[in-house]
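Beneath this line is the structure, given in structure tokens, with notes to follow.
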Amino acid sequence: MSNTVPWWRTAVIYHILVPSFYDTDADGWGDINGITEKLDYIRWFGVDAIWLSPVYPSPLLDLGYDISDYLGVEPKFGTLDGLDRLVSEAHSRDLKVILDWVPNHSSDRHSWFCESRSSRNNPKRDWYIWRDGKPDGSPPNNWISVFGGSVWQWDDHTGQYYMHHFLDSQPDLNWRNPDMQAAMYDSIRFWLARGVDGFRIDALDMLIKDELFRDNPPNPDYEDGNGPDSKHLPVYTRAQKGIHDIVAQMRKVADEYPDRLLAGELYLPLEEVASFYGREKPELHLPLNLRLCWTSWDRDEWKSVVDEYNQKVGSKGWPTWSLSMHDCPRLAARCPGEHTRLAAMLLLTLRGTPTHYYGEEIGMRGTPIPANEAHDPQGRRTGRNRDPQRTPMQWNSKLHADFSRVEPWLPISDDFQTANVSDQSDDPHSLLTLYRRLLQLRRDMPALNLGEYQSLELENPLLGYQRSSNGQRVDVVLNFGDDPVFYRNDGIKRILISTNLDRDHEVFNEVEIRGGEGLVVSH
Ligand code: GLC
């Protein structure tokens with residue numbers, strides 16, 4: 001492979017929720033040292049980079065996505081020295097480290113906001129978004145917070161409203177203010193200078209709001225149970241004019257350091273997601289494609305997302321795939337039993353950079369937690385509880401799944417007797433072994449990492465595609481149905497891997513694929 005290929009094109013990114021990975025100081029919360037201790041596992045598993053949920057000082061009202069200092073480390077998670085050590089230990093194992101960076105809002109405990117709310121004349125007043133109410137005193141417009149209720153919070157002290165797209169303790173920063181921008185760019189430099197390899201940028205599409213603060217129109221397709229803010233179409237709140245200039249500026253800052261990665265969270269139509277590679281100027285290396293996290297497990301729907309996304313990315317950029325993450329239910333809760341294996345094969349064989357959420361490799365399901373007991377503020381306020389996908393990593397079948405010596409901050413999922421690293425490591429047919437074998441195959445075969453992609457037009461319930469590179473050609477074919485189906489393609493010769501891990505024999509132009517089975521076959 002040419003050494004001009006940037007590392008993130010061939011990388012698989014392992015997404016770690018820091019509070020839930022491994023607790024070394026017996027407070028029931030995962031910590032940075034815990035990740036350092038588990039680096040050998042991560043390397044053995046076979047990924048190339050880790051993305052950590054926010055580690056900055058925070059009141060942790062939204063699990064760290066409420067930052068009170070962009071230049072430090074939350075004591076519950078460790079110290080700056082500990083983070084430096086994690087970065088250097090990761091690098092010595094050839095693993096990259098990506099931090100979550102949350103530019104849309106800070107915590108209301110950030111000194112910037114304390115200053116901003118102290119008086120209307122404070123120099124940092126304009127670092128956040130303050131507005132007068134309407135003449136009758138009601139909020140300035142109809143915008144709804146992702147966590148429910150108005151985005152506007154009244155502040156008695158200065159007699160104005162401030163904006164928050166999430167909790168009222170997460171005030172939105174004003175990305176139209178150049179001094180605030182400069183301070184945030186410095187926070188990027190601070191971490192990149194310490195050797196961090198890049199950022200996953202949170203809620204990126206929301207940074208800039210309509211300059212005139214116009215009301216969002218109603219959403220004719222709104223259904224109860226969707227997020228409260230989906231009552232409206234986000235015409236004036238997402239992907240507003242000016243956002244691309246800001247992302248281009250972020251990229252310019254990141255490019256001051258060699259080989260760094262900017263990936264961004266975007267909830268936009270796929271065409272707009274793809275626009276974040278940049279038009280005139282480079283923007284994100286990887287605008288994250290989160291669509292499959294929210295697509296119900298159905299062959300036709302998955303195929304149409306895969307086809308549409310590939311078509312929108314075209315030659316503009318390099319694709320990304322995520323099937324699971326900290327905001328959406330886990331795969332085992334979304335697809336039937338063995339189909340988590342199909343999902344694994346799909347994630348690791350499509351063309352592009354996958355993000356893999358911790359615990360998916362052992363099929364963690366998560367424990368249902370009633371909304372009124374939720375840790376997650378979204379769960380408590382809207383019923384859409386994210387706790388089940390955030391439960392602690394299951395290392396073995398001992399007490400607390402060996403995540404911690406004490407009661408963990410969220411309950412251990414009750415599948416830990418079988419869904420755990422220790423038992424599955426020794427089992428040649430486990431889901432963990434399947435992930436490892438697929439990761440290995442992906443590393444070994446240029447066709448599967450950087451290779452070309454071509455969709456195979458197969459009938460339901462099969463979904464398939466061909467990957468190829470310099471004469472190396474493989475077909476990936478997944479059977480979403482319950483019954484066996486024959487797959488025929490002249491020239492196929494050998495099964496390289498089955499999701500059942502029970503066959504790797506030769507075939508002659510045709511192979512039977514069992515219900516719920518996926519195969520990679522070579523030509
Ligand atoms: C992003 C995060 C989510 C968080 C929200 C507010 O969507 O993924 O977990 O609650 O931003 O920061």
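Both backbone and side-chain heavy atoms feed into the values below; hydrogens, waters and symmetry mates do not. All figures in this text were calculated on a predicted structure; none of them were measured in a lab.
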Can you list the steps and then say if Ile42 with Ile16 is a side chain to side chain contact (heavy atoms under 4.5 Å, CB included)? CA-CA 10 Å; Ile42 294 166; Ile16 294 178; 3.9 Å; yes
Output the distance between atom CE (Met345) and atom CG (Leu519), rounded to the nearest 0.5 Å. 6.5 Å
Measure the acute angle between the ring planes of Tyr435 and Phe45, then classify it against the limits of 30° and 60° as parallel, tilted or perpendicular. tilted
Run the numbers on Glu338 and Arg514 for salt bridge (charged side-chain N to carboxylate O under 4.0 Å, His left out), then give the verdict. CA-CA 12 Å; Glu338 292 299 283; Arg514 291 163 286 180; over 6 Å; no
Check Trp302, Trp321, Tyr453 against Tyr309 for a ring pair (Phe, Tyr, Trp, His ring centres under 6.0 Å) and give me the one that passes. Trp321
Out of curiosity, Arg85 CZ to Ile35 CD1, how far, rounded to the nearest 0.5 Å? 11.5 Å
State whether the side chain of Arg189 and the backbone N or O of Met184 hold a donor-acceptor pair below 3.5 Å, judged by distance alone. no
To the nearest 0.5 Å, what is the distance between NE2 on His15 and OG on Ser53? 7.0 Å
Apply the test side chain to side chain contact (heavy atoms under 4.5 Å, CB included) to residues Glu89 and Leu95: give CA-CA distance (whole Å), side-chain angles for both, the deciding distance (0.1 Å), then the verdict. CA-CA 9 Å; Glu89 291 286 329; Leu95 284 166; over 6 Å; no
Can you list the steps and then say if Asp444 with Arg442 is a salt bridge (charged side-chain N to carboxylate O under 4.0 Å, His left out)? CA-CA 6 Å; Asp444 291 348; Arg442 187 186 160 89; over 6 Å; no
Member of Leu501, Thr499, Leu496, Leu432 meeting the side-chain contact (heavy atoms from CB on, under 4.5 Å) criterion with Arg437: Leu501
Asp48 vs Lys96, salt bridge (charged side-chain N to carboxylate O under 4.0 Å, His left out): CA-CA, chis, key distance, verdict: CA-CA 6 Å; Asp48 311 279; Lys96 306 281 186 189; over 6 Å; no
Look up atom CD1 in Ile98 and atom CD1 in Ile13, then write down how far apart they are to the nearest 0.5 Å. 4.0 Å
Could you please spell out the steps behind the salt bridge (charged side-chain N to carboxylate O under 4.0 Å, His left out) verdict for Asp387 and Arg390? CA-CA 5 Å; Asp387 289 351; Arg390 297 174 172 192; 5.4 Å; no
Can you name the nearest heavy-atom pair linking Asp327 to Trp294, along with the distance? O-CH2, 3.3 Å
State, without any angle test, whether Tyr65 and Asp100 hold a side-chain donor-acceptor pair at a distance under 3.5 Å. yes
